[in-house]
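Encoded as structure tokens, the structure appears first; notes follow it.
Please read these numbers as outputs of a predicted model, since none were measured by experiment. Counting starts at 1 for both ligands and their atoms, in listed order.
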Amino acid sequence: MVQVNADYLKLKAGYLFPEISRRIQDFNSKNHNADLIRLGIGDVTEPLPLACREAMKRAIEEMGTESGFRGYGPEQGYLWLRESISKNDYLSRGCEISADEIFVSDGSKCDSSNILDILGKNNKIAVTDPVYPVYVDTNVMTGRTGEANANGEYLGLNYIPINSENNFEAQIPKEKFDLIYLCFPNNPTGAVATKEQLTSWVEYAKNNNALILFDAAYEAFIKDDSLPHSIYEIEGAKDCAIEFRSFSKNAGFTGTRCAFTVIPKSLKGKAGQEEVDLWSLWNRRQSTKFNGVSYIVQRGAEAVYSKEGQIQIEKLVGFYMDNAQIIKENLTSAGFEVFGANNAPYAWIKTPEKMSSWDFFDFLLEKANVVGTPGSGFGAAGEGYFRLSAFNSRANVEKAMQRIVEL
Ligand SMILES: *Cc1c(COP(=O)(O)O)cnc(C)c1O
């Protein structure tokens, strides 16, 4: 019989979102007419921006002509999109990131997983706790961890707590790690990293020859002008950081699929005593395993940077951030302790009266018919917290808040 990858068996059985679905189903079977409002899963809800739709329609028409038809595109993405990204997301903020350091892909979720393909098996790895579960699970699947303990912490992974005691700042470790995952603005806590904090991280990485994997999927939600949108705004980051970005949250591309990863040419790793540049390995990996994002979708992504596109995505992001503000204000006035939600579409709520995250989930589901996400699903340090997302219609957010406030 064929052997399976037994590392998959180490994954915790009750993964977060299936367990949420199970509890919702259970609730629905007992309460047939309940009007549930879902502020749980981090998916956007508003329609695609017009500029993106128009660009995609034009691209489809082009594909229907002899001269405009395109087959396989470059594995790295079309140069016009990469140049647009370089100019608008990086050069405009003083980051010297060139088009050929940008790799277009069909998602940050897969890029942040696939990156492990080009990294060794014996790196000492650190993640924050709570954390986006993808970083942890992909390390488990690829055999980079041992088994999980009762709290769900994996042997061989190192956890950097971010919680109210440290003001949701990822503290610089005393230990030496080789690979560190950071995500700011943070999913799930909505916390942000200041320029000073990221500077300390870059210094740490340079002093320890470490690599930072920086997930900036939520940079568009930053309202505070003093906060960095990219890790490359920090001097020296080009020598120690890879950045992941996505059109999923800023432009509503969760169902359309387009993202990109920045691998500076100056980034180095080691194979034995030999120095190797990571750019070449990633380029080789993408060329072999990936055949690019569709022309149509890349034209849609390019339109994000047009004048109309910029206005439309600003409005889109603003809409969700107004939701976040409504959530924060209502819950705060109802006596909850609420973190995040100022520069991120997530409110991170301390559960009242030391309730566990899952008890609070059941409580909100039954008493307010509102679905959120238990903090403990994002890691042991998320216990006692609860995530509400701003991705919903205004009417639903207002109704959900009214119900919670009236409890
Ligand atoms: C939504 C999200 C992404 C984006 O993933 P895509 O695969 O590009 O849709 C990346 N990182 C985090 C932390 C996210 O929440």
* Using the ring of Y305 (Phe, Tyr or Trp, six-membered ring only), decide whether K87 places NZ or CZ under 6.0 Å from its centre and within 45 degrees of its axis. => no
* Close aromatic pair by centroid cut-off 6.0 Å: F260 and F103 -> no
* Asked: Do you know which two heavy atoms are closest between G382 and D129, and how far apart they sit?
  -> N-OD1, 4.2 Å
* Asked: For the ring pair Y320 and F391, is the centre-to-centre distance below 6.0 Å?
  -> yes
Between ligand 1 and the protein, find all N/O pairs closer than 3.5 Å and give the distance for each.
unit_1	atom_1	unit_2	atom_2	d
ligand 1	7 (O)	S108	N	3.2
ligand 1	7 (O)	K109	N	2.9
ligand 1	7 (O)	R257	NH2	2.8
ligand 1	8 (O)	S108	N	2.7
ligand 1	8 (O)	S246	OG	2.7
ligand 1	8 (O)	S248	OG	3.4
ligand 1	9 (O)	S248	OG	2.6
ligand 1	9 (O)	R257	NH1	3.0
ligand 1	9 (O)	R257	NH2	3.4
ligand 1	11 (N)	D215	OD1	3.4
ligand 1	11 (N)	D215	OD2	2.7
ligand 1	15 (O)	N187	ND2	2.8
ligand 1	15 (O)	Y218	OH	2.6
ligand 1	15 (O)	K249	NZ	3.2

* To do: With sequence neighbours left out, write down each residue that passes salt bridge (charged side-chain N to carboxylate O under 4.0 Å, His left out) with K206, or none if nothing qualifies.
  => D239
* Indicate yes or no for a side-chain donor-acceptor contact from T288 to the backbone of R284 under 3.5 Å, with no hydrogens or angles considered. => yes
